[in-house]
Asks: 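First, the structure itself, so that you have it in front of you.
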Amino acid sequence: MSDNQETSDADEDTTPAGSATLPLRPPCDRLPCHKSSVCSRSYFVVVMVFFHVYIINVILLLFYVHYNSGQEDASRSRDAPSSNHQRPESRRPPSKPEFLRDVSLTRLEGIRVGHVQKVSLVPGKVHEMRTLSMKPLLFEIPGFLSEDECRVVMQLAQLKGLIESQLMVQDGQEELAKELNLSPEEIFNLLDINQDGQLQLHEILTHSRVRDGIWLTPENLREIYAGLKADKDGNGLLSLEEFRLLSNDAFQRFLLQQGVKRSQLVRNSRHTWLYQGKGAHQALQDIKTKVTRLTRLPPALVDLSEPLQVVRYEEGGHYHAHHDSGPVYPETACTHTRLAANTSTPFETSCRYITVLFYLNSVEGGGETAFPVADNRTYDEVSLIQNDVDLLDTRRNCDKSNLRVKPTKGTAVFWYNYLSDGRGWVGEQDEYALHGGCMVTHGTKWVANKWINIDPDYQRQARYQQLVSQHSEDEDDEGLTPNPDIQSSNIHQDL
Ligand code: OGA
Ligand code: CA
Ligand code: FE2
């Protein structure tokens, strides 16, 4: 608004608020009064009053405009997703730039189980994608990989060499217990999920897997009780008194004495990693491109994810039910962004937002991928092990899983390990994404995993990507994807 306009507004007698009662007359009436002093004085007073009221109004108007736009700015920055992202302390030192959340993650729609949608992954070809479950959101795409791609991936993996997916014995558990400095009472209390003062078999089983990587069955445990004479009253439960008499690693030591077989581990397979960046075999780059098209995620996110993991199960191989990525608490760091975040935290997970699992061969017998709680109405962790039936045990109880996918050469399945936060980013872990590889009963089984790593903390993900892009500008180097053998091998959350 220019000064000119303001003046002309006054001339046009727009009657600003507050001046409505002033006895204004048309200018032609005012002019004859000019020579009379009384008339001219009152005229002067009227003009001055009018003038002042007008000025005050203009000032108030300016204040109003200024105040309002200030508020708009404030509310705009309040709504900005970047500052909304669990960060009440939005004013932070400029050394860590705040990134405006300008990326929204596409999440495919399942519609309903059995729904088929067409997807375009390669020019001139249409694939069909079938919804297998809504919880977790899980799809199947037959013919995702060509025969050649399957063959090349298996050959490259063999050329590189596969390593045992899980070492026979994991050390360091005793140190961890010592570090935490827990008394037997405290440990007992943690284990006693239903707080009835007794340890049921399933309470011990759940705990033991997290700690030792040795898969215990209820029968194993009874043998251990008998061998250690742990259950003195023979009721199949451990009381606090009975528990106190056991040393911290009594179970593990007993098992080691007996000799642990591969089949007693959480995971019985061999694997290797294949990089998919610049210079990699064309088949590997093509697979990455197809994964980007399938998931409809920004290519940079797929590029910066873990390499392709190729897994081989021999006859008798298995992988008990697990989550590919763990829950995220405020203090949890993601493996891939941890360095950029520049913080130290005791909790770390791989933040695998999506798993794309490829079947590289058709398995003669067994080897299905099982989803024990898919599309359950509710999720109840305790009831996963009941009456000696352990739904997580993929050697014994795959037939009781809600959903099993048969390995068929070239088929891909993919699912989301995390829910959406409702605002286009990664939300909480999806506990229904629990899955495992059933025992291979005939032949061998080859699969590959493509995990897409995204930090649920947008700021950390953005900072990481910025750092990597700076780095690659400096060095024009492809070796920026995390080295999984150092950073993220064996970071599955084993139950
Ligand atoms: C995995 C996995 C399932 C399967 O490798 O993380 O869950 O069917 N594999 O092999
Ligand atoms: Ca109990
Ligand atoms: Fe898995």
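First listed ligand is number 1; within each ligand, the first listed atom is number 1. Worth saying up front: this structure is predicted, and the values here are computed from it rather than measured.
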Asks: Could you list the atoms of ligand 1 found under 4.0 angstrom from a heavy atom of G437?
Replies: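 What qualifies from ligand 1 is 4 (C), 8 (O).
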Asks: Any N or O on E368 sitting closer than 3.5 Å to an N or O of ligand 1?
Replies: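 E368 vs ligand 1: no N/O contact under 3.5 Å.
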Asks: Looking at K288 and D303, does any basic side-chain N land under 4.0 Å from a carboxylate oxygen?
Replies: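 Result for this pair is yes, salt bridge flagged.
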Asks: What atoms of ligand 1 come closer than 4.0 angstrom to any heavy atom of K445?
Replies: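 Answer, ordered by atom number: 4 (C), 8 (O), 10 (O).
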Asks: So, at under 3.0 Å, which protein N, O or S atoms would a careful student list around the Ca ion (ligand 2)?
Replies: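 Listed by chain and number: D192 OD1, N194 OD1, D196 OD1, Q198 O, Q200 OE1, E203 OE1, E203 OE2.
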Asks: Using distance alone, with no hydrogens and no angle criterion, decide if S325 and Y418 have a side-chain donor and acceptor under 3.5 Å apart.
Replies: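 Yes - a donor-acceptor pair under 3.5 Å links their side chains.
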Asks: Which residues pass the disulfide bond (SG atoms under 2.5 Å apart) test with C398, not counting sequence neighbours?
Replies: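 In terms of disulfide bond (SG atoms under 2.5 Å apart), with neighbours along the sequence ignored, C398 is linked to C438.
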Asks: Would Y319 count as being in polar contact with ligand 1, using the rule that some N or O on each side must be under 3.5 angstrom apart?
Replies: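 For ligand 1, there is no N or O atom that lies under 3.5 Å from one belonging to Y319.
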Asks: Do any heavy atoms of H322 fall under 4.0 Å from ligand 1?
Replies: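 The answer is yes, since H322 has a heavy atom less than 4.0 Å from ligand 1.
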Asks: Specify whether an N/O/S atom of H323 falls short of 2.8 Å from the Fe ion (ligand 3).
Replies: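 False for H323.
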Asks: Under the 6.0 Å and 45° cation-pi test, does K450 pair with F358?
Replies: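 Geometry flag: not set, cation outside 6.0 Å or 45°.
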Asks: Flag the pair R151 and E149 as a salt bridge only when some basic side-chain nitrogen lies within less than 4.0 angstrom of an acidic carboxylate oxygen.
Replies: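 Looking at E149 together with R151, the answer is no, because their closest N to O distance does not fall below 4.0 Å.
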Asks: Could you say whether the N/O atoms of N449 and ligand 1 ever approach to under 3.5 Å?
Replies: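 There is such a contact, yes.
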Asks: May I ask you to say whether E164 pairs ionically with R262, meaning some side-chain N is under 4.0 Å from a carboxylate O?
Replies: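 A salt bridge is present here (some side-chain N lies under 4.0 Å from a carboxylate O).
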Asks: Would you tell me which option among V447, T369, D324 has the nearest heavy-atom contact to atom 8 (O) of ligand 1?
Replies: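 Going through V447, T369, D324 one by one, T369 has the nearest heavy atom to atom 8 (O) of ligand 1.
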Asks: Please table the atom pairs, donor to acceptor, closer than 3.5 Å between any side-chain atom in residues 120-127 and protein atoms at least two apart or in another chain.
Replies:
{"residue": "H127", "atom": "NE2", "partner": "G143", "partner atom": "O", "Å": "2.9"}

Asks: Check R352 with E306, please: is the shortest side-chain N to carboxylate O separation under 4.0 Å?
Replies: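 A salt bridge is present here (some side-chain N lies under 4.0 Å from a carboxylate O).
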Asks: Output every pair passing disulfide (SG to SG under 2.5 Å) with a member in residues 258-311, not counting sequence neighbours, ordered by first then second residue.
Replies: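 Sorted result for residues 258-311: empty, none.
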Asks: In D324, the N, O or S atom nearest to the Fe ion (ligand 3) is which?
Replies: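 Closest N, O or S atom of D324 to the Fe ion (ligand 3): OD1.
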Asks: Scan side-chain atoms only and decide if R107 and Y353 contain a donor-acceptor pair under the 3.5 Å cut-off.
Replies: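 A pair is found: one side chain offers a donor N or O, the other an acceptor, under 3.5 Å apart.
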Asks: Is the shortest side-chain N to carboxylate O distance from D388 to R222 below 4.0 Å?
Replies: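 Here D388 pairs with R222 in a salt bridge, since their nearest N and O are under 4.0 Å apart.
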Asks: Rounded to 10 degrees, what angle sits at the Fe ion (ligand 3) between H435 NE2 and H322 NE2?
Replies: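 Roughly 90°, rounded to 10°.
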Asks: Output yes when the distance from some N or O of ligand 1 to some N or O of Y359 is under 3.5 Å, and no in every other case.
Replies: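 Between Y359 and ligand 1 (N or O atoms, distance only) the closest approach is not under 3.5 Å.
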